[in-house]
Novice: 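Before anything else, here's the structure in question.
Atoms within each ligand, like the ligands themselves, are counted from 1 in listed order.
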Amino acid sequence: MYLKMLQKRRSIRKYKDEEVNGEQIQALLQAALLSPSSRGQRPWQFILIDENNILAELADAKAGGSSFLAGAEYAVAIAADPEVSDVWVEDCSIAATNIQMMAEDLGLGSCWVQIRRRQRQNGEDSESYVKEILDLPQDLRVLAIIALGHPDEEKEDHELDELAYDKIHYNCYGQEIPN
Ligand SMILES: Cc1cc2nc3c(=O)[nH]c(=O)nc-3n(C[C@H](O)[C@H](O)[C@H](O)COP(=O)(O)O)c2cc1C
């Protein structure tokens, strides 16, 4: 059941040294390409990365929250051309989520590494750094990198009775859904 999968999905930042097979990679990329996008413009580009030296360089893309990329089996960088769609951030975010949920369905772990609007330790823009490493065309923007691999850490499922139901409103803001 999809709701159960949403409960089980947690950000996984430690990965086993175990191969993610070709079929799994294909499914992850197909999940990305199946994503809905505004006006069907599909402004995205997905860069699949499995070279250890590139993953290690990407691990240094931010002051914090990216180091685990060095231990990932794979990563998918998600970029887009803002000239193709003014809502590329939304489009790419949906694709990123679909990759993460596909990973969950395959029993893989994943974590989002935010790149857009982030900086490296030395103050350099994370996007510029990633663009140079991945040799991206200048007109592309980078949203995020999704780290992927077989999970080497266990986390509790999200519990349905612990959700922030106070963020749900009924007809008007501030009104609760009647029981
Ligand atoms: C837009 C976005 C940006 C995120 N950026 C990072 C990041 O740069 N590094 C990281 O380790 N986790 C990142 N995360 C993962 C969140 O920290 C994580 O989803 C949140 O703490 C909830 O935990 P859960 O995914 O296990 O439910 C990001 C998640 C989202 C949706």
Side-chain angles (χ1 to χ4, degrees), residues 1-16 20 28 31-32 35-38 43-49 52 54-80 82 85-134 136 140-168:
M1 189 172 145
Y2 195 69
L3 189 62
K4 192 74 201 159
M5 246 172 61
L6 290 167
Q7 280 181 258
K8 286 184 80 63
R9 186 220 50 81
R10 297 297 312 274
S11 292
I12 298 298
R13 300 179 178 89
K14 285 187 186 145
Y15 311 95
K16 288 184 186 153
V20 176
L28 289 163
S35 305
S37 66
S38 173
W44 44 57
Q45 304 289 335
F46 303 102
I47 299 93
L48 177 70
I49 303 141
N52 285 338
I54 301 181
L55 290 168
E57 281 186 297
L58 292 175
D60 218 16
K62 296 209 306 176
S66 59
S67 58
F68 54 90
L69 275 167
E73 195 63 29
Y74 278 94
V76 179
I78 306 174
S85 176
D86 59 342
V87 289
W88 67 274
V89 172
E90 289 84 341
D91 292 339
C92 289
S93 298
I94 294 167
T97 304
N98 277 352
I99 292 172
Q100 289 201 271
M101 292 313 297
M102 189 71 235
E104 183 61 39
D105 193 43
L106 293 167
L108 299 172
S110 72
C111 190
W112 182 310
V113 176
Q114 180 69 21
I115 297 299
R116 188 179 75 94
R117 301 186 65 130
R118 295 290 178 266
Q119 288 80 38
R120 301 183 66 216
Q121 192 82 46
N122 64 5
E124 185 191 349
D125 178 48
S126 298
E127 266 195 82
S128 310
Y129 177 76
V130 170
K131 281 172 72 168
E132 188 159 335
I133 291 170
L134 300 180
L136 293 182
L140 290 191
R141 298 287 309 273
V142 185
L143 177 80
I145 302 173
I146 307 298
L148 295 155
H150 288 277
D152 197 18
E153 62 176 330
E154 279 193 20
K155 290 194 170 177
E156 302 272 313
D157 292 4
H158 290 293
E159 294 295 339
L160 293 182
D161 57 8
E162 288 172 9
L163 296 179
Y165 292 104
D166 61 333
K167 292 186 186 289
I168 308 285

Novice: With a 4.5 Å limit on heavy-atom distance, are the side chains of V142 and L134 in contact?
Specialist: no
Novice: Less than 4.5 Å apart, side chain to side chain, heavy atoms only: is that true for R9 and H158?
Specialist: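 The answer is yes; the side chains approach within 4.5 Å.
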Novice: Contact residues of ligand 1 with a heavy-atom cut-off of under 4.0 Å?
Specialist: R9, R10, S11, R13, K62, G65, F68, C111, W112, V113, Q114, H158
Novice: Short question: side chain of K155, backbone of I12 - any donor-acceptor pair under 3.5 Å?
Specialist: no
Novice: Is a donor on one side and an acceptor on the other found under 3.5 Å between the side chain of E73 and the backbone of Y15?
Specialist: no
Novice: For residues 54-69, which residue pairs qualify under side chain to side chain donor-acceptor pair (under 3.5 Å), counting only residues two or more places apart or in two chains?
Specialist: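 Of all non-adjacent pairs touching residues 54-69, those that pass side chain to side chain donor-acceptor pair (under 3.5 Å) are D60-R120.
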Novice: Heavy-atom count around K8 NZ within 6.0 Å, excluding the residue itself: above 12?
Specialist: no
